[in-house]
Structures are given as C-alpha cells and as structure tokens.
Amino acid sequence: MRLQSKNAKIYVAGHRGMVGRGIWHHLREAGYTNLVGRTSDELDLRDPHASRRFFEDEQPDFVVLAAARVGGILANDRYPADFLGDNLAIEQSVIQAAHEVGVERLVFLGSTCIYPKHAPQPMPEDSLLTGPLEPTNQWYAVAKIAGHKLCEGLHRQHGDDMVTLMPTNLYGPGDDFDLETSHVLPALLRKTHEAKSRKPSRPDGSDAPVTLWGSGEPKREFLYVDDLADAVRFVLETPEEEIHEVAPDGMLNVGVGEDLSINDLMTLIQDVVGHHGPVEHDESKPDGTPRKLVDTSRMDALGWTAQTSLRNGIEQTYDWYREHEEELIEA
Ligand code: GFB
C-alpha cells in the first residue's frame with residue numbers, strides 16, 4: 001500500500017547514519033509528521049526479540065530499512081564476518097518483525113555491489129546472481145542479496161508490499177570521514193583539504209601531495225544522499241502495481257546514469273577544494289570492481305531522476321565537512 005497520509009507512522013531504521021538522517025529530514029520537509037527512530041543504543045536491531053517488541057509497541061505503518069553496517073573497500077575487506085553477520089541479523093530481525101505486525105510497505109536499502117564483478121554496464125537489475133561477486137565486498141553483497149530475497153520471498157509467499165532500492169555509491173553531509181573505514185569520496189575530500197591546509201607549502205609554492213589508493217582507474221557512479229532520500233519518498237508514494245509493472249522482482253536501481261574514474265574524481269575534488277599539488281598512488285591498496293554503473297531504466301520509467309550534479313553535491317559535502325572538521329577529528 002502506498003504512502004498517502006502525512007500522518008502515517010514511518011519508522012526510519014538507522015536514522016542517525018548519513019542515509020537514514022537524509023531520509024528523515026527529507027520526509028519531514030515533505031510534510032510527514034509522524035516519524036519514528038531509535039538509536040542503536042536504544043534498540044539493537046540485530047536482536048530479533050528487541051525488534052519484535054519495538055514493532056509491537058510502535059505499530060509503524062511504513063518502514064525504511066536504512067540501518068546497516070557499511071564502510072569503504074578496506075573496511076569491507078578487513079571485517080568480513082561483521083559485514084556479513086551484522087547485516088544479515090539486522091535484515092532478518094527488521095524485515096521479519098515488519099511482516100509479523102503487517103506494515104503497509106517496507107523499503108529496504110541494498111547496494112549495487114550485489115551485482116557480479118563483471119556485470120554488463122550499465123548493470124540492469126536482472127544481472128543479479130548471473131556471475132561471481134567482487135571479492136573485497138562479497139560478504140556485504142551476500143547479506144544485501146539475502147535481505148532483498150527475503151523481501152521478494154515475503155511478497156511472493158504472503159503478498160507483503162516490500163521494495164528494495166539499490167543505490168549506487170552514496171556520499172553527502174554526515175558521511176564517514178575516517179580514513180580507515182570511509183568510502184572514496186569523503187576520504188579524498190578530507191585528504192585533499194588536509195594537504196592544502198598543511199603549511200608551509202612546498203618550496204615551489206605548491207600544496208602537499210594527496211595519496212589515493214590503487215590505480216585510480218576504476219570507475220564509480222556517485223549519488224548525493226538527498227537524491228536517494230527523494231527516491232525513497234517517491235517510491236513510498238508510488239502505487240504497488242506501478243512498481244511491480246516495471247520491477248516484477250521488487251528491485252529498483254537508483255543512480256545518476258553517469259560514472260567517472262577515481263582519477264577524474266580526484267581532479268574534481270582538487271578543483272572544489274582549491275588544491276594545487278601532486279597526486280600519488282598507494283598501489284598496495286585494492287582497486288576493487290573495475291566499474292559499477294547502474295541501469296536506471298526502471299526508475300526512469302516510473303518518472304524519477306536524480307537532481308544534484310556531482311560538483312554541487314561535493315561542494316555541499318565539503319561545506320559540511322569544514323563546519324564539522326574539529327568534532328570529526330576529535331571523534
Ligand atoms: O569507495 P570505495 O572504498 O568502495 O573505493 P567501492 C572506491 C575506489 O576508490 C577503489 C579507490 O578503487 C579504491 O581503491 N580509492 C582511492 C579509495 N583512494 C581511496 C581512499 O582514500 N579511500 C577509499 N575508501 N577508496 C564499496 C564496497 O566498494 O562501495 C561496499 O566495499 C559498498 O560494500 C560501497 O558497496 C558502496 O566502491 O570499491
């Protein structure tokens with residue numbers, strides 16, 4: 001059942017993370033007044049009993065499942081059991097509880113790393129499970145595939161209204177800027193900002209170098225978090241039959257339809273930050289999947305497109321980073 005009433009109770013799971021927070025603010029701005037959230041200290045979503053109690057007490061009408069253990073290429077590679085186990089546990093507990101209390105609709109957030117490493121580009125939803133996964137993030141991918149399949153299975157077996165969105169690489173205000181765990185965009189923003197701020201500059205007046213991981217040749221597509229939040233609202237408001245007409249498996253890619261190499265992203269970030277200095281490569285770090293551009297035909301057919309240009313999104317993220325720099329470094 002689609003979201004129509006501004007008073008409907010919407011539970012945003014993971015509302016303190018970058019994605020959940022973006023969705024929360026966006027829904028608020030769209031006039032939805034009855035939002036529910038719990039921090040991970042208040043409610044451990046990996047615990048099925050606690051999740052079940054919470055759903056029974058709150059009886060949400062709609063659920064957006066944005067809670068997950070997430071991280072960049074290195075974190076995925078270093079903590080395989082956490083990325084697989086925590087995500088499986090969260091999905092099982094939240095999706096099952098939503099089924100048991102009979103919510104109107106659940107929107108589950110997956111990731112485009114669920115597609116095979118060598119999927120055709122752009123990657124259509126039906127390339128799922130047609131080939132081997134990228135090894136660095138296979139653990140996270142398997143968990144996200146399982147979450148989607150649980151939604152698809154509940155739809156098939158019980159008629160539950162559950163939709164999975166597969167967003168491409170996300171970034172924006174509130175992102176993780178920790179260099180060990182973050183994704184490439186916030187990591188390069190921080191490194192470039194710090195290189196530019198390092199004084200004195202080099203003898204020729206140029207800024208200190210920035211080191212990026214790997215060859216810089218892999219290509220990625222970046223989606224601004226507010227655009228994803230808008231896509232979530234749009235999907236919540238779209239009738240179920242329309243969604244299933246374009247997405248019989250209940251899966252919708254969300255992207256911008258364009259990608260660029262990490263080297264080109266570096267150049268754009270240098271331009272936004274005003275960094276004039278060399279770029280070095282740490283080839284001991286992995287490149288990951290060579291390319292990950294999503295086919296957005298299904299969302300196009302429903303009438304949704306992303307609005308924020310990459311440059312504009314990076315500028316807004318950089319503004320946010322500078323405002324919060326001190327607290328981020330202390331944390
Ligand atoms: O964003 P990222 O960590 O994740 O890395 P993935 C993308 C590319 O940027 C890789 C390169 O080729 C990295 O080697 N890169 C260059 C850097 N410099 C840096 C840096 O300083 N930090 C980081 N983090 N990367 C993740 C998956 O894959 O994407 C997750 O591991 C999830 O499971 C997420 O799917 C969206 O795009 O490779």
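Every number for a ligand or one of its atoms is a count from 1 in the order of the listing.
In this model, a donor atom of one side chain and an acceptor atom of the other lie less than 3.5 Å apart for D227 and T308. Using modelled atom types, one finds a donor on one side chain and an acceptor on the other under 3.5 Å when comparing D176 with T181. N312 and Q316 are linked by a side-chain donor-acceptor pair at a separation below 3.5 angstrom, with hydrogens and angles left out of the test.
Ring planes of Y11 and F55: perpendicular class, angle over 60° (limits at 30 and 60°). Ring geometry for H158 against H99 counts as tilted: the plane angle lies between 30° and 60°, on a 0 to 90° scale.
We find that E194 and K191 are not joined by a salt bridge, their nearest charged nitrogen and carboxylate oxygen being 4.0 Å or further apart.
Comparing D77, V184, L188 against atom 2 (P) of ligand 1, the shortest heavy-atom distance belongs to V184. Looking at Y140, W139, F83, it is Y140 that brings a heavy atom closest to atom 32 (C) of ligand 1.
For M266, the heavy-atom gap to ligand 1 stays at 4.0 angstrom or more. Residue A75 places no heavy atom under 4.0 Å from ligand 1.
For atom 18 (N) of ligand 1, the closest heavy atom belonging to the protein is W213 N, 2.9 Å. Summary of contacts: the protein heavy atom closest to atom 34 (C) of ligand 1 is H183 NE2, 3.3 Å. Looking from atom 24 (N) of ligand 1 to the surrounding protein, the closest heavy atom is S182 O, 2.9 Å. Of all protein heavy atoms, the one closest to atom 30 (C) of ligand 1 is N76 ND2, 3.4 Å.
For the pair R322 and Y318, the distance from NZ or CZ to the six-membered ring centre is under 6.0 Å and the angle to the ring normal is within 45 degrees.
Side chains of K219 and L260 form no contact here, defined as non-hydrogen atoms less than 4.5 Å apart.
Note: L45 CG to L65 CG = 8.0 Å, rounded to the nearest 0.5 Å.
Applying the 6.0 Å contact sphere to CD of E100 captures more than 12 heavy atoms from other residues, nucleotides or ligands.
Contact annotation: for I262 versus ligand 1, heavy atoms closer than 4.0 Å belong to the side chain alone. Only the side chain of K191 comes within 4.0 Å of ligand 1, judged by heavy-atom distances. Under 4.0 Å from ligand 1, not a single heavy atom of K285 appears. Residue I73 touches ligand 1 through backbone and side chain together, judged by heavy-atom distances below 4.0 Å. Contacts between A141 and ligand 1 below 4.0 angstrom, taking non-hydrogen atoms only, are absent altogether.
Considering backbone and side-chain N/O atoms, A187 never comes within less than 3.5 Å of an N/O atom of ligand 1. At least one N or O atom of D287, backbone or side chain, sits closer than 3.5 Å to an N or O atom of ligand 1.
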